[in-house]
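Atoms within each ligand, like the ligands themselves, are counted from 1 in listed order. None of the values given here were measured: they were computed from a predicted structure.
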Amino acid sequence: MIVLGIETSCDETAAAVVKLAGGKLTVLSQVVASQAKLHAKFGGVVPEVAARKQVEAMIPVLAEAKINPKKIDAIAVTKGPGLVTSLGVGVETAKALSIAWQKPLIPVNHVLAHLYSVWPSNPSLVKNEKKFLPAMGLIVSGGHTELLIIYSHNKYKLIGRTIDDAAGEALDKSARLLDLPYPGGAALEKLALKSKANKIIFPKPLSNTNSFDFSFSGLKTAIRYEIEKNPAIGQRRFDVAAAVQASVTEFLCRRLTQALKKFKVKSIMIGGGVTANNYLRQNLQNIAYEHKLPLLLPQHEWTGDNAVMIATLGLMQFNTTSKTEAKKYLTAWKNLVAEPNWELK
Ligand code: KG4
Ligand code: ZN
């Protein structure tokens, strides 16, 4: 089975073709056109600018992905969540292609799809998925922080989410306070590497609740006080960066540990832009080791927004759906609209 994936939820225009044959997932082609540099000068993504650039990039990206319509079995597209104007570009393009090529159209949830970057990254998982499911899934991106249990490709349960800022958003806001350009997560990690002391400790939010929810909005205020008290210059700037990274990691790890104690799972799957962070990856590895569970991480190139994850989730869902449901995908273009606030449940 071969599936084309299209992703336009924010400021990346991406297309990828993924093949599943003989228990092996192969990425046949993948293209990502990023607008990151353009938005950096505004200090964040400007929705109108993003959507216009999505329109400009869509056809060149599809052309570069070298799609052979005769060979593909279905098209998967990000339906939401994301910026409504950006999502619309991908959704309408996918609808037009579904009609022109007479191919089933599979609407995919972007947040859940982040966990599907781990599938092409870990060949043993595809061959032997029963050994790894149910899995505890942790998604940490610029827009989302969610903890869920994955039972199958069509069945999952959300157990926790952020009640305010996402982890990546908190890192980006903290990075801005340290005069780093947007998005600042990766630059903050580099600064943190230069820290030699672990003297600054930020408060631990929601530490006396039993819920699996996260809260990151207090971090920004804590840093502001810390910097006002004592300016973040020289070595102290590195120490503040390290403290921010440690604080976000501690919270993510605390909730993951709590969830692993309560729910019986066979593996841990991680996804989202923030999982490019090596300090976080190392700490997650320690938790997996303590709980004697395999940790499935995405390859670095698939931590951020990409279409490989969209094609993979679409493929897995299409491949395991009933014949009646599969038929419905052929006419899905009739009712499909972007869903900017599509929440996992
Ligand atoms: O998944 P993603 O590309 O986009 C969303 O769907 O939101 O995530 C982007 C987020 C940004 O907040 C960015 O600062 C963060 O991922 N990020 C990192 C690193 N690389 C990207 N955060 C920490 N360390 C990194 N190395
Ligand atoms: Zn994303």
Which atoms of ligand 1 are found less than 4.0 Å from any heavy atom of [X]?
| X | answer |
| --- | --- |
| H114 | 1 (O), 6 (O) |
| H110 | 6 (O) |
| D172 | 11 (C), 12 (O), 13 (C), 14 (O) |
| G143 | 7 (O) |
| D305 | 1 (O), 2 (P), 3 (O), 4 (O), 5 (C), 6 (O) |
| G304 | 3 (O) |
| G168 | 12 (O) |
| G185 | 14 (O), 18 (C), 19 (C), 22 (N), 23 (C), 24 (N), 25 (C) |

Electrostatic pair R224:E228 at N-O distance under 4.0 angstrom: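 Salt bridge absent between R224 and E228.
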
Minimum-distance atom from the Zn ion (ligand 2) among N, O or S atoms of D305: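 Nearest N/O/S atom: OD1.
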
V32 and D305, any side-chain heavy atoms less than 4.5 Å apart: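 D305 does not reach V32 side chain to side chain.
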
P183 N/O under 3.5 Å from ligand 1 N/O: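 N/O-N/O distance under 3.5 Å: no.
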
Please determine whether the number of non-hydrogen atoms from other residues, nucleotides or ligands lying under 6.0 Å from atom [atom1] of [X] exceeds 12.
| X | atom1 | answer |
| --- | --- | --- |
| K327 | NZ | no |
| Y289 | OH | no |
| K53 | NZ | no |

N, O or S atom of C10 closer to the Zn ion (ligand 2) than 2.8 Å: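 No, C10 does not qualify, because none of its backbone or side-chain N, O or S atoms lies under 2.8 Å.
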
H114 N/O/S atom closer than 2.8 Å to the Zn ion (ligand 2):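 Yes, since at least one N, O or S atom of H114 sits under 2.8 Å from the Zn ion (ligand 2).
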
Could you verify whether a donor N or O on one side chain and an acceptor N or O on the other, from [X] and [Y], lie under 3.5 Å apart?
| X | Y | value |
| --- | --- | --- |
| N230 | E226 | no |
| Q30 | N306 | no |
| S217 | D165 | no |

Region of L188 that comes within reach of ligand 1 [heavy atoms, distance under 4.0 Å]: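 Contact part for L188 vs ligand 1: neither.
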
Of the listed options N306, V45, N277, closest to atom 24 (N) of ligand 1 (non-hydrogen atoms):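 Shortest heavy-atom distance from atom 24 (N) of ligand 1: N277.
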
Mutual orientation of the aromatic rings belonging to H110 and H114 [parallel < 30°, tilted 30-60°, perpendicular > 60°]: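 Judged by the thresholds at 30° and 60°, the geometry between H110 and H114 is perpendicular.
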
Any H144 heavy atom less than 4.0 Å from ligand 1: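 H144 does not count as a contact of ligand 1 under the 4.0 Å cut-off.
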
